[in-house]
Amino acid sequence: MTIRTRVAPSPTGDPHLGTAYIALFNYCFAKQQGGEFVLRIEDTDQVRSTRESEQAIMDSLKWLGLNWDHGPDVGGEFGPYRQSERSDLYKKYAHQLVETGKAFYCFATSEELDEMRDAQVAEGLRPQYDGRGLKLSDDEIAANLAAGKPYVIRMKIPTQGTFVFEDYLRGDIEIPWENVDMQVLLKADGFPTYFLANVVDDHHMQISHIFRGEEWINSAPKLLKLYDDFGWTPPTLGHLPLLRNPDKSKLSKRKNPTSINYYKEMGFLPEALLNYLGRMGWSMPDEREKFSLEEMIEHFDMKRVSLGGPIFDIDKLNWLNGLWIRENLTDEQLMQRFFEWKYNPQLMTKVIGQAKTRINTLSDMVELAGHFVAGMPSYDPALLTAGKAEEEVIREALQLFIWELEALRAWDKTEIFAIAKQVATHHELKIKDFLEPIFVAITGKTSSTSVVDAMEILGSDMSRARLRVALGHIGVSKKQAKKLEKSYQAYLSAK
């Protein structure tokens with residue numbers, strides 16, 4: 001049997017460190033045994049999925065050195081490798097489950113399901129699907145289908161007993177069936193959910209082992225039951241520990257930069273970042289901290305993974321990155337890395353266009369446009385609230401601006417300015433007054449080249465990271481955070 005693992009990211013946002021972490025461990029497991037590694041794109045969320053996000057994910061994994069044997073760009077015998085291109089296959093298998101009595105039609109509207117959950121909460125019950133679709137007669141089902149009534153297909157789940165499965169890393173895990181919902185397999189729009197698509201694809205792509213994050217443990221009964229419903233042999237399943245912030249909370253962009261692109265733009269070496277991710281819950285037999293991908297593959301043993309939540313510490317990553325620079329790069333190689341990183345014609349062409357009309361000597365470029373090649377700019381935090389707007393207004397407007405930018409599908413200066421204008425208008429601010437703290441957050445100065453142009457050139461990851469640092473300077477207490485959430489909901493309602 002060929003050992004074959006996969007990573008299956010959703011192209012709905014920035015390329016996440018967690019994706020690279022999961023990909024690295026699956027990659028090493030397969031390669032250590034002479035196996036194959038598959039990249040599959042889970043783009044069944046047609047509202048949020050974008051080709052730009054897909055490309056960013058692939059670019060970031062390639063930058064790290066994690067190359068796949070099968071995938072949407074390289075092809076392979078199990079393609080296509082985008083789930084949106086396999087829709088007919090999922091529909092076929094969803095209806096097959098209905099025909100064999102393993103799944104059923106549900107015609108309940110979203111409003112009816114909301115009422116059901118509200119009633120359950122009011123009674124102090126855990127909200128979950130109540131099985132109403134199972135109570136329909138064959139005649140009622142036939143009539144609804146004939147009338148063209150929208151439906152989803154749900155899988156049947158036992159209501160009593162427990163499900164036990166052997167986790168590759170954790171041994172036997174037991175989960176009561178009463179804690180498992182009757183999962184939707186095929187949505188009303190005809191697209192599959194994660195559970196159906198992944199089971200079908202993993203079977204057809206002959207995936208032998210699946211290693212995923214521990215947040216998916218509770219979904220294992222549904223996933224493995226689907227294999228049984230189809231009569232297929234399931235792959236070996238294992239759950240890796242989640243990456244954690246220093247305060248032990250789940251790694252999140254509100255406390256730590258989570259986009260791979262951020263670390264690339266900050267000037268971390270891909271070898272060092274991959275090395276550090278390899279230290280997340282795993283160690284070399286001789287406990288050395290610095291090792292290459294090739295060395296990790298040579299000595300890799302998934303059973304050595306520690307199940308405690310590994311802490312992602314940027315200070316430790318900084319130290320390790322410094323080791324790689326000093327010990328692995330000659331002066332000529334380091335110079336080349338600088339050129340590839342920022343001092344390349346593609347970026348410099350954009351920067352020169354912004355700076356040319358504002359400089360008298362070449363040395364003026366350092367002060368004027370240094371923020372294009374810097375990491376986090378240094379400035380007096382008081383500058384953020386030194387304008388006409390009240391601190392509380394700036395805090396709220398800046399938070400709303402960040403949240404709106406996080407939802408932005410196309411990183412374009414026109415879209416960025418439109419969002420800034422909307423947020424400013426919502427807070428009864430002149431756009432000039434709102435852009436003052438944005439200028440400081442992005443450039444570290446009160447004036448420079450166009451801040452909106454700068455944000456477009458810097459990119460989404462670095463721009464949002466700088467804005468989050470600025471918001472941290474202003475400060476957001478727990479009480480203020482709750483208020484900001486409510487304000488944002490009001491803002492969305494008013495749009």
Side-chain angles (χ1 to χ4, degrees), residues 8 10 42 44-46 83 87 89-145 147-165 173-203 210 212-232 234 237 239:
S10 298
E42 289 184 3
T44 55
D45 185 340
Q46 293 294 287
Q83 290 184 334
S87 297
L89 189 65
Y90 308 130
K91 291 177 184 177
K92 166 191 165 185
Y93 280 109
H95 287 281
Q96 177 182 312
L97 289 174
V98 173
E99 293 167 4
T100 56
K102 305 296 184 181
F104 61 96
Y105 295 108
C106 175
F107 299 91
T109 65
S110 57
E111 291 77 15
E112 289 171 340
L113 294 176
D114 287 340
E115 291 176 6
M116 173 198 74
R117 296 186 188 97
D118 290 343
Q120 289 170 338
V121 171
E123 295 178 27
L125 302 174
R126 183 171 62 85
Q128 62 179 3
Y129 182 71
D130 58 7
R132 60 183 62 191
L134 289 168
K135 300 173 184 176
L136 297 175
S137 67
D138 291 343
D139 289 341
E140 288 174 310
I141 292 172
N144 286 336
L145 292 174
K149 190 172 183 180
Y151 64 84
V152 300
I153 291 179
R154 291 179 179 268
M155 67 182 298
K156 290 183 178 178
I157 295 292
T159 57
Q160 296 180 332
T162 60
F163 181 84
V164 180
F165 72 99
I173 295 178
E174 185 173 338
I175 297 175
W177 279 117
E178 65 181 3
N179 294 339
V180 181
D181 207 356
M182 295 184 186
Q183 176 67 45
V184 172
L185 300 177
L186 196 71
K187 296 178 287 187
D189 61 6
F191 277 89
T193 58
Y194 163 89
F195 297 93
L196 176 64
N198 276 274
V199 166
V200 170
D201 288 346
D202 287 335
H203 172 71
I210 298 173
R212 56 187 193 163
E214 65 183 338
E215 72 269 33
W216 294 104
I217 288 177
N218 287 334
S219 73
K222 290 183 284 191
L223 185 143
L224 294 174
K225 185 179 185 301
L226 273 178
Y227 279 95
D228 186 60
D229 289 345
F230 283 123
W232 297 337
L237 193 61
H239 292 87

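Numbers here are sequence positions counted from 1.
- Atom CD1 of I153 sits about 8.0 Å away from atom CG of L97, to the nearest 0.5 Å.
- For the pair Y129/L113, a side-chain contact is recorded, criterion being any heavy-atom separation below 4.5 Å from C-beta on.
- Distance check, rounded to the nearest 0.5 Å: CG of L196 to NZ of K91 gives 12.0 Å.
- Ring orientation note: the planes of F165 and H239 are nearly perpendicular, at an angle over 60° on the 30°/60° scale.
- Checking each of T100, L185, L186 against H95 for a side-chain contact (heavy atoms from CB on, under 4.5 Å) leaves exactly one that passes, namely L186.
- Taking CG of L226 as the start and CD of Q183 as the end, the distance is 8.5 Å to the nearest 0.5 Å.
- Atom CG of L125 is separated from atom CE of M116 by 11.0 Å, given to the nearest 0.5 angstrom.
- Taking all atoms of both residues into account, the shortest heavy-atom contact from P158 to W177 is O-CB, 3.3 Å.
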| request: Please test N179 against R126 for side-chain contact (heavy atoms from CB on, under 4.5 Å), starting from the C-alpha separation and ending with a verdict. | output: CA-CA 9 Å; N179 294 339; R126 183 171 62 85; 3.8 Å; yes
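- Judged by distance alone, with hydrogens and angles left aside, the side-chain atoms of K222 form no donor-acceptor pair with the main-chain N or O of V180 at under 3.5 Å.
- Listed here is the closest heavy atom pair of L237 and A220: CD2-CB, 3.9 Å.
- Annotation for F191 and S87: closest pair CE2-OG, 3.6 Å, computed over non-hydrogen atoms.
- Y93 has its side chain out of reach of V199: every pair of non-hydrogen atoms, C-beta onward, lies at least 4.5 Å apart.
- Of the candidates L89, V200, T44, D45, Q83 forms a side-chain contact (heavy atoms from CB on, under 4.5 Å) with just one, namely T44.
- No side-chain donor-acceptor contact under 3.5 Å links R117 to the backbone of P127.
- Taking both residues in full, the closest heavy atoms of E112 and R132 are given as CB-NH1, 4.0 Å, listed atom of the first, atom of the second, then distance.
- Scanning both residues, R212 and S219, for their nearest heavy atoms gives NH2-OG, 3.3 Å.
- Among all heavy-atom pairs drawn from Y227 and N198, the shortest one is OH-O, 4.5 Å.
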| field | Derivation of the side-chain contact (heavy atoms from CB on, under 4.5 Å) call for Y105 and L145 | value | CA-CA 9 Å; Y105 295 108; L145 292 174; 4.0 Å; yes
| said: For a side-chain contact (heavy atoms from CB on, under 4.5 Å) check, start with the C-alpha distance between D189 and Q46, then their side-chain angles and the critical distance, and finish with the verdict. | reply: CA-CA 10 Å; D189 61 6; Q46 293 294 287; 5.6 Å; no
| task | Kindly determine whether I175 and N218 satisfy side-chain contact (heavy atoms from CB on, under 4.5 Å), including the steps that lead there. | result | CA-CA 7 Å; I175 297 175; N218 287 334; 3.9 Å; yes
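- Interatomic distance, CZ of F107 versus CD of E140, reported as 10.0 Å (0.5 Å rounding).
- Judged purely by atom type and a 3.5 angstrom limit, T193 uses its side chain to pair as donor or acceptor with the backbone of V184.
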| request: Would you sort out whether D228 and K225 count as a salt bridge (charged side-chain N to carboxylate O under 4.0 Å, His left out), showing the intermediate values? | output: CA-CA 5 Å; D228 186 60; K225 185 179 185 301; over 6 Å; no
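- Atoms CG and CG, on L224 and D229 in that order, are 11.0 Å from each other to the nearest 0.5 Å.
- By the 30° and 60° cut-offs, the orientation of the rings of W216 relative to F195 is perpendicular.
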